[in-house]
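Comments concern the structure below.
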Amino acid sequence: MEPSQYGLTSRARVRAGDQDAFGELFDEHARAVYNQGYRLTLNWSAAEEVVSLTFLEAWRLRAGIEEAGGSLRPWLLGISLNVTRNLNRAARRHQAAMDRIPGSRPVPDFSDDLAARLDDAAELRRVLDALDRLRPGERDVIVLCVWSGLDYAAAAQALGVPVGTVRSRLSRARDKLRQAGPRASTAREPGMGSGQLVGDREAVVRSVQEGTR
């Protein structure tokens, strides 16, 4: 079977709710979702949660997949962006609530320990600070095109916007980042233990199976 034929067949099977096809989709793209989640949270535990929530949401939205098309990676990364954004908002609300508790002990930030063990973590923090100063749409195209390696068309598919919008947003974002200093393309892909995703895959597939009963 040709790769293109397999891609179309896999897409149709996922759209139809084939659990085996969905497991294959997880195996193929979970690392890309994890990498994107980690880069936006700087926390391996949060990145694993991004993976689980992204694929659970993908299963829920599977009927909306277009019948024709190529890889579902852009679609998954678009879902991952929204999932990560919601997790970050929840984390900020939690931290704000903790800060309002009188006499509370400081909660250790595990990402600080992680940063000490990753050579590029300090640079990634500076990049994230710079990204926070971008508009949401500009930040999204940097994450998808520069970090996750999508082309203009795939990023447009992930975001549901025209290709020209992706081009203009990316151009503006790069100009702003260049003025700020750090380059978003310098951070390496974060590592991930094989055992981590095995557990996530089982949890996702189990949840899918329970949802079809």
Side-chain angles (χ1 to χ4, degrees), residues 1-41 43-91 93-94 136-137 139-141 143-145 147-151 153-161 166 189-213:
M1 184 176 293
E2 295 297 326
S4 59
Q5 294 175 332
Y6 175 80
L8 291 174
T9 301
S10 177
R11 170 183 283 261
R13 288 167 60 203
V14 170
R15 187 175 186 271
D18 186 316
Q19 296 175 19
D20 290 335
F22 198 78
E24 293 168 4
L25 182 73
F26 184 97
D27 292 338
E28 185 175 359
H29 299 298
R31 181 174 293 274
V33 173
Y34 176 93
N35 288 341
Q36 179 172 286
Y38 172 76
R39 280 175 158 171
L40 291 173
T41 63
N43 186 305
W44 65 265
S45 181
E48 288 182 343
E49 188 173 3
V50 168
V51 173
S52 296
L53 293 176
T54 294
F55 280 90
L56 287 173
E57 183 69 0
W59 176 261
R60 188 180 71 82
L61 298 174
R62 68 191 184 281
I65 297 174
E66 296 180 359
E67 293 185 8
S71 171
L72 287 173
R73 182 167 173 255
W75 178 66
L76 287 170
L77 292 179
I79 294 174
S80 176
L81 273 178
N82 291 328
V83 166
T84 307
R85 188 177 293 117
N86 290 337
L87 284 178
N88 282 336
R89 286 172 181 164
R93 287 196 297 267
H94 174 76
R139 183 166 58 247
D140 288 348
V141 295
V143 171
L144 293 174
C145 294
W147 283 358
S148 296
L150 298 187
D151 59 22
Q157 177 188 343
L159 297 173
V161 299
V166 172
E189 293 291 339
M192 177 179 58
S194 59
Q196 294 170 352
L197 278 187
V198 170
D200 280 351
R201 187 188 198 278
E202 292 174 352
V204 170
V205 173
R206 183 168 59 252
S207 297
V208 165
Q209 291 171 342
E210 291 172 353
T212 55
R213 290 175 183 170

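Keep in mind that the numbers below use all heavy atoms, side chains included, and drop hydrogens, waters and symmetry copies.
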Side-chain (Arg11) to main-chain (Glu66) donor-acceptor, under 3.5 angstrom: yes
Any side-chain heavy atom of Gln36 within less than 4.5 Å of one from Leu144? yes
What distance separates Leu25 CG from Ile65 CD1, expressed to the nearest 0.5 Å? 7.5 Å
Provide the closest heavy-atom pair for Cys145 versus Val166 in the form atom of the first, atom of the second, distance. SG-CG1, 4.0 Å
Steps toward side-chain contact (heavy atoms from CB on, under 4.5 Å) verdict (Leu76, Phe55): CA-CA 8 Å; Leu76 287 170; Phe55 280 90; 4.0 Å; yes
Determine the minimum heavy-atom distance between Ser71 and His29, stating which atoms define it. OG-CE1, 3.5 Å
As an exercise, state the distance from CG of Leu81 to CZ of Arg139, rounded to the nearest 0.5 Å. 9.5 Å
Any chance you could lay out the side-chain contact (heavy atoms from CB on, under 4.5 Å) test for Leu77 and Val143, step after step, and finish with the verdict? CA-CA 9 Å; Leu77 292 179; Val143 171; over 6 Å; no
Tell me, please, which residues at least two apart from Asp151 pass salt bridge (charged side-chain N to carboxylate O under 4.0 Å, His left out). none
Under the side-chain hydrogen bond (donor to acceptor under 3.5 Å, both in side chains) test, which residues partner Arg15, sequence neighbours left out? none
One pair to check against side-chain contact (heavy atoms from CB on, under 4.5 Å): Arg39 and Ser148. What are the steps and the verdict? CA-CA 10 Å; Arg39 280 175 158 171; Ser148 296; 5.8 Å; no
Specify the closest pair of heavy atoms between Ser80 and Val33, including all atoms of both residues, with the distance to one decimal. OG-CG1, 3.7 Å
Classify the ring geometry between Trp59 and Phe22 as parallel (under 30°), tilted (30 to 60°) or perpendicular (over 60°). perpendicular
Can you see which heavy atom on Pro74 is nearest to which on Ala158, and at what distance? O-CB, 3.0 Å
Student check: side-chain heavy atoms of Leu53 and Leu87 closer than 4.5 Å: yes
Smallest heavy-atom separation, Arg62 atom then Trp75 atom, equals CA-CH2, 4.3 Å
Return the minimal non-hydrogen interatomic distance between Ala47 and Gly37, and the atom names on each side. CB-C, 3.9 Å
A side-chain contact here means heavy atoms from C-beta on lying under 4.5 Å apart; do Asp20 and Arg13 qualify? yes
For Asn82, the side chain to side chain contact (heavy atoms under 4.5 Å, CB included) test, sequence neighbours excluded, returns Arg85
Val51 side chain reached by Phe26 side chain, heavy atoms, under 4.5 Å: yes
Leu56 side, atom CG; Leu61 side, atom CG - distance, nearest 0.5 Å: 11.0 Å
If you apply the rule side-chain contact (heavy atoms from CB on, under 4.5 Å), what do you find for Arg73 with Glu28, and how did you get there? CA-CA 9 Å; Arg73 182 167 173 255; Glu28 185 175 359; over 6 Å; no
What distance do Asn43 atom CG and Glu48 atom CD have between them, rounded to the nearest 0.5 Å? 9.0 Å
